[in-house]
Visitor: 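Pasting in a structure now, in structure tokens, and then I'll have a few things to ask.
In the text below, chain A, chain B and the rest are named by the order of the sequence lines, each starting its count at 1. Predicted, not measured: the structure shown is a model, and the values here were computed from it.
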Amino acid sequence: MLEFAEAAHHGRKTFFVEVILPLAIAKNYTYRVPFEMNGAVEVGKRVVVQFGKSKLYTAIIDKITETPPEKYEAKYILEVLDDRPVVTQTQLQFWKWMAEYYMCNDGEVMNAALPTALKLASETKITLNREFLADKSGLNDREFLIVEALDLQPELTVSDIAKLLGQKTVMPILKLLFEKSIINISEEVSERYKPRMRTFLTLNPVYQNQDQLKELFGLLEKRAPKQADAVLAYMKLSRHQKAVSKNELIEESGAGSSSINSLIEKEVFIAKEKNVSRLHIEDEGLFDIFELSAQQQEALNSIRQQFEQKDVVLLHGVTSSGKTQVYIRLMEEALAAGKQVLYLLPEIALTTHVIERLRQYFGTSIGVYHSRFNDNERVEVWQKVLNGEYRVVLGARSAVFLPFQELGLIIIDEEHEVSYKQFDPAPRYNARDAAIFLANKHNGKVLLGSATPAFETYYNARSHKYGLAEMTERFGGTELPLIEVISIAEETKKKTIQSHFTSVLMLDVQQALANKEQVILFQNRRGYAPLLLCKVCAYTPKCINCDVSLTFHKHSGKLHCHYCGYKEDSPTICPACGSTHLEYKGFGTEKIEDELSLLLPSARIARMDLDTTRSRNSLQTILNDLEEKKIDVLVGTQMVAKGLDFADVTVIGIINADSMLKFPDYRANERSFQLLAQVSGRAGRRGKQGKVVIQTYDVNHRVIKQVIENNYRDLYFTEMEERKNFSYPPFFRVINLDIKHKDPEILYNQAAYLAAELRKHFGERVIGPETPLVSRIRNYYIKSIMLKFEKDGVSVNKVKTTIRDVITQFQTTKLSKGSIIQPDVDPY
DNA sequence: AGCACGCCGACT
DNA sequence: GTCGGCGTGCTC
């Protein structure tokens, strides 16, 4: 109280700041601002605060108040790190929304958003006390070990010591050593971001006078020829560039660093330290003028028109219909209006190729942001976006966190890609959905682009929540691939099938090879055979952890579990009955590759699946070989569908579509469709029509029919319509605690799966969450209601609640098997 | 996230 | 007994 009186006396106010700490804690904390920092605090700036007993963290100021907290004494902030905010108000609102929407803490969002180099945290360092006179007697084993280690290495962290001792609890031991004055414990903070500094030189203006210059040369030539060279080199360089750096001069003149230093000492050169960018960008300035095709122009007009009423438009364009040019036009328009543009791509598509292509149009105003950038580079991009130097940002999902000033347009290419979703640490966000919110905050527009839109996106577009523009023809007149569906059953009956290849497929493959074209064979299973079966007793080896049948891998000769990675040797006699009649059932990519090489001995065949791409560069090697046509036939799993541009692939064979049509969950049709459509879309490039051969037992399957018609409409709508008429019950009982997951979207999927399973047993009485619009789940009604088990049977109760209520209750009240969840809302 | 505190099982 | 693991609660 005295302090307040004093403050009033001095006419100074006492401020408090609420800060976001980069930790997974539920609330934000209040710190007191020392008077001398009153002028420095501002929302969005970073401050250093002590949190807990000793740790220091970088926190972001979220609010400034004058009300002192009632229940505790606030600590002081220790330092204000920034001259101007590094996080904008809009970003803070965005963070709050994300924490709310994806059910995590502000601190977790901050962690994901801010480049690590902007977050400094202290680390506890252990050093040997100088006063300690190496008298190691009287130390116990562990203490001795620690002191020994500190003799070798002057500084250790707490976790180093935990590792050293092989135990988790080390604090008590360290404390004891500290009390005996043997060690020091200190907290160290270091700034991680270091701007790259270069020394730039200018010639002392005295030497603009020719006579003075001549005199200088005369002097130098005799006594210091290297220095004369340096001055000469400077004259040469400065003719073409404004600033000459010390490094350049060293290189150009052949003079050493010492010669140049003495020139600086003699004040011939004037040195200046300057901050230079790590992001080497050359303005290529190659304004590549292009004209839109009629179809592109039409799509562009339609998008523009729809943006007048709608904030989000889906551009549904078949593979290679030339969506990029449409994006570029829209981007140019947004830039012309003085706005910034964000162009999101899945990580895998962020290749130098794409980046170069866009740089041709947007030059140095384009920034790139993705996970391969190191910390310092990320900070530089961050700052350039903040100060408006970058007008266009090309980035992977984390680019939604950049500090945009005025975002006019967000383009989300390949909008259906699952890599837009972050799964592991929280925030478990989907960059596509987050971007839509972000654009809205900036009053900007969003264009979603895809050849195979996500279910929910397409639904939103068709129900007029989003606009919709379509491009159905390939750019440059290449026709869509011809799709042929072949009945495996029929060919088996006619005995025209060889191994797993129908005569139709074989003919197309041979034809392609004869034309020096390439082929992709798609088989949605890796390994050689997905199960081993004893013909006598029907025994099948199963994983000891997961209880799924083990897949045989020929290259290792072992049985593998595809869930947990467990391996065991493949038995030659049945472990159950001793019979030798063991048979491999089913087939995977390995077997396809094997048998094809027998049928086509001269073809160069490669395989692309998890097994062949596990090591670091192997994926790139395969892609390069394909590009350079060192591969004729590529056998692969769904990896081959991932937005990669293949050179001369004209034939795509889908070995067995049935395995793709039987995904075990309720999103089956969507996934099958997308996969089939994506794989098919790869056929035919460079002006040549491709062909897709789908081998199946189920030639009339509705998904296959949809793929042939390239038609999302009916499929999506029938799926949706089937899921509408449910009624709502008053409570439900948790019967399975497996419906528990940190990720709200996964939790929802599991609930749906569980409901579907229960429905098999209890029929219509189980009503499950079934809508596939997973991205909007939080506010959807869970129509599912678990069962109340009774001795004499089952009775079903109903509830109306949202997934959010369920998760909240999972998090707050500790639910156990049999607990009853009461919804907040009145169900009737 | 760290760190302290308290409970509980397995060792000298 | 006592040490260390582990669950729980708190940090402005």
Side-chain angles (χ1 to χ4, degrees), chain A residues 3-4 14-34 37 41 43 45-80 95 99 104-114 116 118-126 139-146 156-179 183 185-190 192 424-428 737 740 742 810-816:
Chain A
E3 281 171 328
F4 282 115
T14 304
F15 290 111
F16 294 88
V17 286
E18 253 175 60
V19 299
I20 303 175
L21 284 153
L23 301 173
I25 39 177
K27 39 187 223 122
N28 292 336
Y29 285 74
T30 307
Y31 286 82
R32 187 168 165 176
V33 182
M37 295 184 198
V41 289
V43 171
K45 281 185 180 176
R46 295 175 305 153
V47 289
V48 178
V49 294
Q50 183 181 9
F51 184 68
K53 260 196 109 207
S54 57
K55 286 275 177 256
L56 307 182
Y57 292 96
T58 308
I60 294 278
I61 302 178
D62 184 32
K63 258 188 216 135
I64 300 176
T65 60
E66 288 179 52
T67 355
E70 284 170 19
K71 299 201 171 109
Y72 53 87
E73 193 78 16
K75 280 185 184 156
Y76 282 99
I77 57 174
L78 304 176
E79 201 182 335
V80 179
W95 289 8
C104 65
N105 308 120
D106 292 359
E108 289 172 300
V109 179
M110 171 180 168
N111 254 336
L114 222 54
T116 331
L118 291 179
K119 292 174 288 192
L120 39 139
S122 68
E123 202 171 13
T124 313
K125 292 277 166 69
I126 316 294
L139 296 179
N140 66 31
D141 286 359
R142 274 179 289 221
E143 290 173 341
F144 183 77
L145 215 59
I146 294 172
L156 292 173
T157 66
V158 178
S159 60
D160 286 340
I161 289 171
K163 234 184 271 166
L164 182 74
L165 300 181
Q167 71 183 52
K168 289 189 179 168
T169 335
V170 290
M171 274 328 258
I173 303 169
L174 292 177
K175 241 184 170 170
L176 219 68
L177 279 168
F178 179 70
E179 277 160 23
I183 58 164
I185 300 175
S186 58
E187 288 293 318
E188 261 178 43
V189 190
S190 53
R192 287 209 189 88
D424 216 9
R428 299 176 170 79
L737 288 179
K740 207 163 93 177
K742 285 180 188 164
F810 265 120
Q811 287 172 340
T812 53
T813 61
K814 283 154 197 171
L815 295 174
S816 58

Visitor: How long is the line joining CG of A/Leu78 and C1' of C/dC12, in whole Å?
Guide: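 Taking CG of A/Leu78 and C1' of C/dC12, I get 12 Å after rounding.
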Visitor: Whole Å only: how far is the CG atom of A/Asp106 from the C1' atom of C/dC12?
Guide: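 It is 15 Å, rounded to the nearest whole Å.
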Visitor: Could you measure the distance from the CG atom of A/Asp160 to the NZ atom of A/Lys125? Nearest 0.5 Å is fine.
Guide: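 Here the interatomic distance stands at 9.5 Å.
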Visitor: Tell me the interatomic distance from A/Tyr72, atom OH, to C/dC12, atom P, rounded to whole angstroms.
Guide: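 Going from OH in A/Tyr72 over to P in C/dC12 covers 9 Å.
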Visitor: Separation of A/Asn28 atom CG from C/dT11 atom C1', in whole Å?
Guide: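 After rounding, the reported distance stands at 13 Å.
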Visitor: Quick one: salt bridge (Lys or Arg N to Asp or Glu O under 4.0 Å) partners of A/Lys175, sequence neighbours excluded?
Guide: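 Result, salt bridge (Lys or Arg N to Asp or Glu O under 4.0 Å) vs A/Lys175: none returned.
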Visitor: Distance check needed: C/dC10 P versus A/Lys71 NZ, whole Å only.
Guide: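 From A/Lys71 NZ to C/dC10 P: 14 Å.
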Visitor: Which distance, rounded to the nearest 0.5 Å, do you find between the CG of A/Leu156 and the CD1 of A/Ile146?
Guide: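 With rounding to 0.5 Å, CG (A/Leu156) is 9.0 Å from CD1 (A/Ile146).
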Visitor: Where the side chain of A/Gln167 is defined as all heavy atoms beyond and including C-beta, which of C/dT11, C/dC12, C/dG5 is the nearest nucleotide?
Guide: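 So the side chain of A/Gln167 is nearest to C/dG5.
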Visitor: Within a radius of less than 6.0 Å around NZ of A/Lys75, do more than 12 heavy atoms belonging to other residues, nucleotides or ligands occur?
Guide: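 Yes.
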Visitor: With a 4.0 Å cutoff (strictly under), does any side-chain N or O of A/Tyr31 reach OP1 or OP2 of C/dC12?
Guide: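 Yes, such a contact exists.
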Visitor: Hey, does the side chain of A/Tyr29 reach the backbone of A/Ala74 with a donor-acceptor pair shorter than 3.5 angstrom?
Guide: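 Checked: no pair found.
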Visitor: When all nucleic acid strands are considered with a 4.0 Å heavy-atom cut-off, which category describes A/Leu21: base, sugar-phosphate, or nothing?
Guide: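 Nothing: the residue A/Leu21, judged by heavy atoms under 4.0 Å, touches no strand.
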Visitor: Classify the nucleic acid contact of A/Lys27 as base, sugar-phosphate or nothing, counting any heavy atom under 4.0 Å across all strands shown.
Guide: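 A/Lys27: base contact, heavy atoms under 4.0 Å.
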Visitor: When you list every nucleotide of DNA chain B with an atom under 4.0 Å from a heavy atom of chain A, which one comes first 5' to 3', and which comes last?
Guide: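 Contacts span B/dA1 to B/dA4, reading 5' to 3'.
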Visitor: Test of understanding: with side-chain contact (heavy atoms from CB on, under 4.5 Å), list the residues that count as partners of A/Ala24, not counting sequence neighbours.
Guide: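 A/Ala24 satisfies side-chain contact (heavy atoms from CB on, under 4.5 Å) with A/Asn105, A/Glu108 only.
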Visitor: Between C/dC12 atom C1' and A/Lys63 atom NZ, what is the distance in whole Å?
Guide: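 The answer, rounded to whole Å, is 14 Å.
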